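Some notes on the structure that comes next.
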Amino acid sequence: MKGQFPIERFQSIRTPFYYYDTELLRKTLNTIKEETSRHEGFVVHYAVKANANPKLLRIIREAGLGADCVSGGEIETCLKAGFPCNKIVYAGVGKSDWEINLGLDSDIFCFNVESIPELEVINELANAKCKTARVAFRLNPNVGAHTHANITTGLAENKFGIAMRDMMAVINEASQMKNIRVVGLHFHIGSQILDMSDFEALCNRVNDLQQELERHRITLEHINVGGGLGVDYQHPNRMPIPEFKDYFDTYAKKLKLRPGQTLHFELGRSIVAQCGSLITRTLYIKKGATKQFAIVDAGFPDLIRPALYQAYHKIENISSNEPKETYDVVGPICESTDVFAKQIDLDGTRRGDLLAIRSAGAYGEIMASQYNCRQLPLGYTNDDL
């Protein structure tokens with residue numbers, strides 16, 4: 001669907017750059033609001049690590065979502081973008097003192113705590129400020145997810161979370177700390193999950209844990225199940241908005257919330273991935289002995305996912321209607337991994353043609369680097385052009 005791109009306006013912009021369809025983003029956010037409104041107590045936080053472009057953050061904040069942050073810098077960015085302090089959650093396995101102090105000074109909603117040493121530091125820093133820190137314990141449910149090994153986070157072998165067997169010991173220890181208030185449990189089993197049975201397995205584990213807590217006469221206010229819902233990288237045009245209905249319905253049917261409990265979600269990729277594309281210009285067509293290469297001006301410093309995860313992104317030549325030819329699409333970096341796709345069919349491609357690397361709104365611009373002293377790619381929206 002080349003018509004979705006303002007190609008004429010692209011011609012005057014230096015490539016590579018990210019282009020965001022804010023109309024699609026708003027439709028996605030409206031779908032989330034519609035689906036969660038059907039379930040009492042469902043609260044959605046946007047996982048800022050997916051994309052912190054300030055224009056997108058403003059739209060997400062205006063839609064009423066909270067923010068899930070994993071660094072002090074993300075907290076600062078969200079405060080600048082106008083997210084209310086009481087809608088900011090701070091997660092992460094390695095929180096430094098200044099970041100914890102920032103969260104305390106900002107009176108954020110809660111810290112998702114991943115270890116007893118971290119809990120002790122938060123208590124100490126909160127005591128120095130005469131504050132009470134709200135915390136949720138991130139438990140490692142030892143639930144596998146049908147996704148890439150590098151983005152699975154819920155197995156016992158992963159670095160994330162507290163072992164389930166230690167749950168009561170940690171809660172008991174926290175109850176002795178005068179500057180800590182335990183408000184919930186937190187989970188996250190991985191990313192780019194499309195099999196709802198993975199989320200059902202998490203629901204079953206949470207249900208068991210809640211029963212155990214009740215045997216000790218403990219009921220917590222909030223359950224946070226993280227995010228993880230994937231998107232269709234193969235067919236971004238056919239399915240631009242993920243299956244939010246199935247996702248939220250799974251939790252509504254399978255998770256047994258207690259009266260008054262709220263259920264929190266931390267969605268990132270599923271909100272922003274499909275609205276973003278990396279626009280790159282073809283520099284050369286190089287014919288090799290057995291294949292031909294479309295050499296473009298974007299490289300893995302601009303979009304690292306294919307090199308890091310062998311991730312697939314659909315690529316379209318938005319400048320051409322010529323008969324299709326087969327190419328390896330590669331970047332200019334002197335690394336063998338600087339490849340966006342191998343042996344793919346594109347409309348006949350020539351020097352100067354613009355290619356759109358689709359579904360790049362999540363973990364694209366935010367992960368860009370200046371390797372080779374390259375400039376960071378800029379981000380534009382359809383509102384800008």
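Treat the numbers as computed from the prediction; the structure is a model and nothing was measured.
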Is a salt bridge present between Arg350 and Glu325, judged by a nitrogen-to-oxygen distance below 4.0 Å?
->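 Salt bridge present between Arg350 and Glu325.
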
Cationic N near anionic O, under 4.0 Å, Arg217 to Glu214 |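 Looking at Glu214 together with Arg217, the answer is no, because their closest N to O distance does not fall below 4.0 Å.
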
Report yes or no: do [X] and [Y] form a side-chain donor-acceptor pair below 3.5 Å?
X	Y	answer
Tyr20	Glu365	yes
Thr326	Gln343	no
Arg138	Asn224	no
His186	Glu114	no
Asp383	Thr22	yes
Glu221	Gln261	no
Ser197	Glu200	no
Asp21	Gln4	no
Ser191	Arg269	yes

Taking [X] for its side chain and [Y] for its backbone only, find out whether a donor-acceptor pair lies under 3.5 Å.
X	Y	result
Ser270	Leu267	no
Asn123	Asn179	yes
Asp105	Leu102	no

Please report the closest heavy-atom contact between Pro301 and Arg374, naming both atoms and the distance.
->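 So the two residues come closest at CG-CD, 4.0 Å.
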
Quickly, which of Val272, Val44, Val48, Asn51 forms a side chain to side chain contact (heavy atoms under 4.5 Å, CB included) with Ile60? Name it, please.
->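 Going through Val272, Val44, Val48, Asn51 one by one, the side chain to side chain contact (heavy atoms under 4.5 Å, CB included) with Ile60 is satisfied by Val272 alone.
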
Please determine which of Asp297, Thr280, Ile318 meets the side chain to side chain contact (heavy atoms under 4.5 Å, CB included) test together with Leu355.
->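 Single pass found, and it is Thr280.
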
Tell me whether [X] at atom [atom1] has more than 12 heavy atoms from other residues, nucleotides or ligands lying less than 6.0 Å away.
X	atom1	value
Lys55	NZ	yes
Lys256	NZ	no
Arg258	CZ	yes
Glu335	CD	yes
Gln375	CD	no
Gln292	CD	yes

According to a 4.5 Å side-chain heavy-atom criterion applied to Ile, Leu, Val, Met, Phe, Trp and Tyr, with indirect links allowed, do Ile88 and Ile271 form part of one hydrophobic cluster?
->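 As far as the 4.5 Å side-chain criterion goes, Ile271 and Ile88 are connected within one cluster.
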
Path from Ile218 to Val206 over hydrophobic side-chain contacts below 4.5 Å |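 Same cluster: Ile218 reaches Val206 through Ile, Leu, Val, Met, Phe, Trp or Tyr contacts under 4.5 Å.
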
From Ile193 atom CD1 to Leu229 atom CG, the distance as rounded to the nearest 0.5 Å |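 Rounded to the nearest 0.5 Å, the CD1-CG separation comes to 8.5 Å.
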
Qualifying residue for side chain to side chain donor-acceptor pair (under 3.5 Å) with Asp328, from Lys286, Lys342, Lys291 |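 Between Asp328 and the candidates, side chain to side chain donor-acceptor pair (under 3.5 Å) is satisfied uniquely by Lys291.
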
What residue among Tyr247, Phe265, Phe187 forms ring pair (Phe, Tyr, Trp, His ring centres under 6.0 Å) with Phe199?
->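 Of all the options given, the one that passes is Tyr247.
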
Determine, for Tyr90 and Lys95, whether the Lys NZ or Arg CZ falls below 6.0 Å from the six-membered ring centre while staying within 45 degrees of the axis.
->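 Relative to the ring axis of Tyr90, which defines the angle, Lys95 lies inside both limits.
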
Under the ring-ring contact (aromatic ring centres under 6.0 Å, His included) test, which residues partner His222, sequence neighbours left out?
->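 Only Phe109, His264 meet the ring-ring contact (aromatic ring centres under 6.0 Å, His included) criterion with His222.
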
Ring geometry between Phe42 and Phe248 (parallel below 30°, tilted from 30 to 60°, perpendicular above 60°) =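 Tilted: the ring planes of Phe248 and Phe42 meet at 30° to 60°.
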
Which is it for Thr77 and Glu74 under the side chain to side chain donor-acceptor pair (under 3.5 Å) test, yes or no, and what are the steps along the way?
-> CA-CA 5 Å; Thr77 296; Glu74 287 190 358; over 6 Å; no

